[in-house]
Amino acid sequence: MAKKNIDAAYKLACERYAELGVDVGAALKRLLKIPVSLHCWQGDDVRGFENADGDLTGGIQATGNYPGRARTPAELRGDMDFVFSLLGGKHRVNVHACYAEFEKGQRVDRDELTAEHFKNWIAWAKKNRLGMDFNPTLFSHPMFNGFSLSSRDKKTRKFWIKHTIATRRIAAVIGKALGSPSVNNVWIPDGFKDIPADRMTPRKILADALDECFAEKFSPKHELDAVESKLFGIGAESYTVGSHEFYMGYAVKNQKLLTLDAGHFHPTEAIADKLSACLLFVPEILLHVSRGVRWDSDHVVIVNDELIAVAQELVRLNAFDRVHIGLDYFDASLNRIAAWVIGVRSMQKALLYAMLEPLKKMQDAEKSEDYASRLAWMETAKTMPFGAVWDKFCADEDVPLDTEWLAEVKAYEANVLAKR
Ligand code: RNT
Ligand code: ZN
């Protein structure tokens, strides 16, 4: 679209939003300041670099075999470079421990990992001025046999404790090197396929193991610990040790970050309403923005009611200093670059949409018990010229409009991905 048309549409949009008391320019500035942590694992179907042909275990699944997945660190970072070139704003990268890189003959197991094994990631993030988040990988490994940190087997448990400690140290190095805290998110798949006879013992073991993992203290300027709950996984349908109540309790007691993954609750349960409640009791939240279709299927994030509801809560709570936004999905059935671009841009669109609501009018109406007006203003927001503002954001950031980026992705597919 011609620049003059983008500007003209934007100008009209600003006038219309001003009638609702909404400052569009301020919203655009605010959106620019919100980073989204881009999960490296969408680029290679959660395979990592240890043994890329190994099975993905832990009750998660990437289905599909669309060609062009990244097979090497260089390919994965190259793909992410391209993705970032299509995104307005400054973002972060989210790396899992299984994406370690080894010099020839220098391979170590996960309990021996150090920041050395991530030096290329760190250098790349630094060069591109990206913050970087991190995760222990407690799945897809021979030491995971249905249980990791909550294993009754001491040797297994110790291995995973050592691994988790190693990742906290790595995250602290990352945060220091990049001048921005690295959120290290602990998610374990531990659970039972069928009905347990003892639900308490694994949870007690997990609480003690986490205490050991978190014993070492790091500056919150460098490293932040997050814990992620889940309802069930494939092959662990009846019982998950690290359930929501478990981690809510653990995070409150120990003042850790709580991770809310949109796919980790009952299929009809959404996370937006949890934010205000949790923020009263935990210091910060990590969002795993995902889209479950009938189960925790990790579909590509799109602008839907659930995503908008999350964005609205973030804006209404003005919680951007306490909520970290990370994407978490993996779809192997379509162009993976497009999957990333659609996810981040959807998150940003939802945020911008939420920032352009006539919030003052809605909240004033609520305070005066005028619920008809509150509802009317919410409905009015839905037909405002939001798209013109989004186009302006893209144009100002010098990235393609929604109508344009796909052509660039198709060209990249033909020139780069198709040659893999
Ligand atoms: C799994 C969790 C977890 C993983 C990533 C790869 O259900 O959502 O966050 O998706 O760690
Ligand atoms: Zn998650």
Side-chain angles (χ1 to χ4, degrees), residues 36-50 52 54-63 69 76 92-100 110 132-141 144 146 148-149 160 163-164 167 170-171 182-191 225-237 239-244 246-247 251 257-267 269-271 274 285-301 306-307 310 323-332 336 339-340 343 347:
V36 175
S37 198
L38 192 69
H39 55 318
C40 74
W41 53 92
Q42 167 59 61
D44 75 333
D45 317 335
V46 211
R47 287 167 194 254
F49 305 134
E50 295 165 321
D55 286 341
L56 176 58
T57 72
I60 54 179
Q61 270 177 15
T63 55
R69 74 175 164 82
L76 187 54
R92 304 175 63 84
V93 58
N94 197 359
V95 175
H96 242 281
C98 61
Y99 290 79
R110 288 192 196 160
M132 180 168 158
D133 300 307
F134 204 63
N135 307 259
T137 311
L138 298 118
F139 52 87
S140 303
H141 187 282
F144 175 76
S148 60
L149 291 176
W160 291 115
H163 171 60
T164 305
T167 61
I170 294 166
S182 177
V183 179
N184 193 47
N185 178 54
V186 178
W187 170 69
I188 65 167
D190 303 24
D225 299 302
V227 288
E228 180 178 8
S229 71
K230 191 166 179 174
L231 181 64
F232 80 96
I234 300 293
E237 286 85 357
Y239 168 79
T240 292
V241 184
S243 59
H244 177 60
F246 175 90
Y247 279 122
L257 277 67
L258 186 68
T259 302
L260 296 175
D261 183 311
H264 285 194
F265 295 86
H266 187 279
E269 188 177 357
I271 61 171
K274 301 180 190 301
I285 283 174
L286 167 63
L287 289 180
H288 267 189
V289 183
S290 193
R291 177 167 59 105
V293 178
R294 305 197 189 282
W295 72 287
D296 180 28
S297 56
D298 287 299
H299 278 65
V300 178
V301 163
E306 247 183 271
L307 189 69
V310 167
V323 179
H324 306 256
I325 303 175
L327 302 182
D328 181 18
Y329 54 81
F330 24 96
D331 189 339
R336 294 168 185 80
W340 266 319
M347 186 71 239

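The structure displayed is predicted, hence computed values, not measured ones. We count ligands from 1, going down the list as the structure has it; atoms in each ligand are counted the same way. For reference, positions follow the sequence shown, starting with 1.
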message: So for ligand 1, is H264 a polar contact partner (N or O within less than 3.5 Å, distance only)?
response: yes
- prompt: Hey, what's the ring geometry for F265 with H244, parallel, tilted or perpendicular (30° and 60° as the breaks)?
  reply: perpendicular
message: Show the atoms of ligand 1 that are less than 4.0 angstrom away from any heavy atom in H288.
response: 9 (O)
- request: Using 2.8 Å as the cut-off, note every protein N, O or S atom close to the Zn ion (ligand 2).
  value: E228 OE2, D261 OD2, H288 ND1, D328 OD2
- request: Measure from NZ or CZ of K230 to the centre of the six-membered ring of Y247, then state whether that distance is under 6.0 Å and the direction lies within 45° of the axis.
  value: no
task: Can you figure out which of H96, E228, K230 has its heavy atom closest to atom 5 (C) of ligand 1?
output: H96
- request: Return yes if some donor-acceptor pair links the side-chain N/O of S148 with the main-chain N/O of F144 below 3.5 Å, else return no.
  value: no
- prompt: Does ligand 1 have any atom that is closer than 4.0 Å to a heavy atom of F330?
  reply: yes
message: Within ligand 1, which atoms have a heavy atom of D261 less than 4.0 Å away?
response: 8 (O)
- request: Could you tell me if the ring centre of Y329 sits under 6.0 Å from that of H299?
  value: no
task: Report yes if some N/O of N135 lies less than 3.5 Å from some N/O of ligand 1; otherwise report no.
output: no
message: Any side-chain to backbone donor/acceptor pair from R69 onto G43? Under 3.5 Å, distance only.
response: no
- prompt: So, are R291 and E306 salt-bridged, with charged N and O less than 4.0 Å apart?
  reply: no
task: Kindly determine whether D44 and R336 satisfy salt bridge (charged side-chain N to carboxylate O under 4.0 Å, His left out), including the steps that lead there.
output: CA-CA 8 Å; D44 75 333; R336 294 168 185 80; over 6 Å; no
Main-chain N/O of A262 paired with S290 side-chain donor or acceptor, under 3.5 Å: no
field: Subset of ligand 1 atoms that lie under 4.0 Å from at least one heavy atom of I60
entry: 1 (C), 7 (O)
field: For atom 8 (O) of ligand 1, closest protein heavy-atom neighbour
entry: D328 OD2, 2.7 Å
Residues D133, R92: salt bridge by 4.0 Å N-O rule: yes
- prompt: F139 and W187: aromatic ring centres closer than 6.0 Å?
  reply: yes
- line: For D296, the ligand 1 atoms with a heavy-atom partner under 4.0 Å come out as 7 (O)
